[in-house]
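Since the structure comes first, as structure tokens, the remarks are kept for the end.
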Amino acid sequence: MPRAGAHGVSDTGRQLHANIGAIERSLAHQLRQSSACKAVAEIPGVELTRATAVVSSMGSPTAFKDGRDIAAWIGLVPRQTGTGVGQTGGTGTGTLRQGS
């Protein structure tokens, strides 16, 4: 690869790194400002990006009766049905179910 092209790739990499840093700072600010984000981030294994994704996707946490309803919405446990048999909820985004 010509030397000028390598510099362009290097500059692009630096710009991407700077953009990611800015996004992470913005998410950290949101986490500090939101009691809901703070609560979700306290769950073991839930990091900054996942906590803000959960809160922004779910809207109002008061729409859920309890933690199990939230887990069913994400798709982590079967949703409850009147028959006692349920299917995995999964109405939340796949991003919330993906491993870290």
Side-chain angles (χ1 to χ4, degrees):
M1 179 178 277
R3 195 162 180 79
H7 286 297
V9 171
S10 177
D11 291 343
T12 301
R14 277 193 288 276
Q15 185 60 45
L16 285 173
H17 187 70
N19 290 348
I20 291 169
I23 291 168
E24 288 176 341
R25 285 188 297 279
S26 174
L27 291 175
H29 176 74
Q30 289 177 17
L31 181 68
R32 287 190 301 274
Q33 301 298 315
S34 168
S35 59
C37 282
K38 287 179 192 176
V40 173
E42 289 178 5
I43 299 169
V46 177
E47 81 289 346
L48 170 68
T49 54
R50 182 95 8 109
T52 53
V54 166
V55 172
S56 66
S57 295
M58 81 167 54
S60 174
T62 59
F64 299 95
K65 182 176 65 174
D66 55 30
R68 190 176 191 301
D69 283 349
I70 294 172
W73 173 76
I74 293 171
L76 300 177
V77 299
R79 65 178 158 237
Q80 295 174 327
T81 64
T83 63
V85 179
Q87 297 176 325
T88 302
T91 55
T93 66
T95 301
L96 304 180
R97 293 184 295 277
Q98 293 174 353
S100 298

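Residue numbers run from 1 in the order of the sequence given.
- Take Leu27 and apply the side chain to side chain contact (heavy atoms under 4.5 Å, CB included) test, not counting sequence neighbours, and it matches Ile23, Gln30, Leu48, Thr49, Thr52.
- Shortest non-hydrogen contact noted between Met58 and Phe64 is CB-CE1, 3.9 Å.
- A donor-acceptor distance shorter than 3.5 angstrom exists from the side chain of Ser57 to the backbone of Ala53, with no hydrogens or angles considered.
- Here CG of Leu31 is found 12.5 Å from CD of Glu24. Values are rounded to the nearest 0.5 Å.
- Side-chain N or O atoms of Arg25 include one that pairs as donor or acceptor with a backbone N or O of Gly21 at under 3.5 Å.
- Across every non-hydrogen atom of Ala51 and Cys37, the tightest pair is CB-O, 3.9 Å.
- Defined by atom type and a distance below 3.5 Å, a donor-acceptor pair is present between the side-chain atoms of Gln15 and Asn19.
- Screening residues 13-46 for ring pair (Phe, Tyr, Trp, His ring centres under 6.0 Å), with sequence neighbours left out, gives no hits.
- Across Arg32 and Lys38, no two heavy atoms sit closer than the pair O-CE, 2.9 Å.
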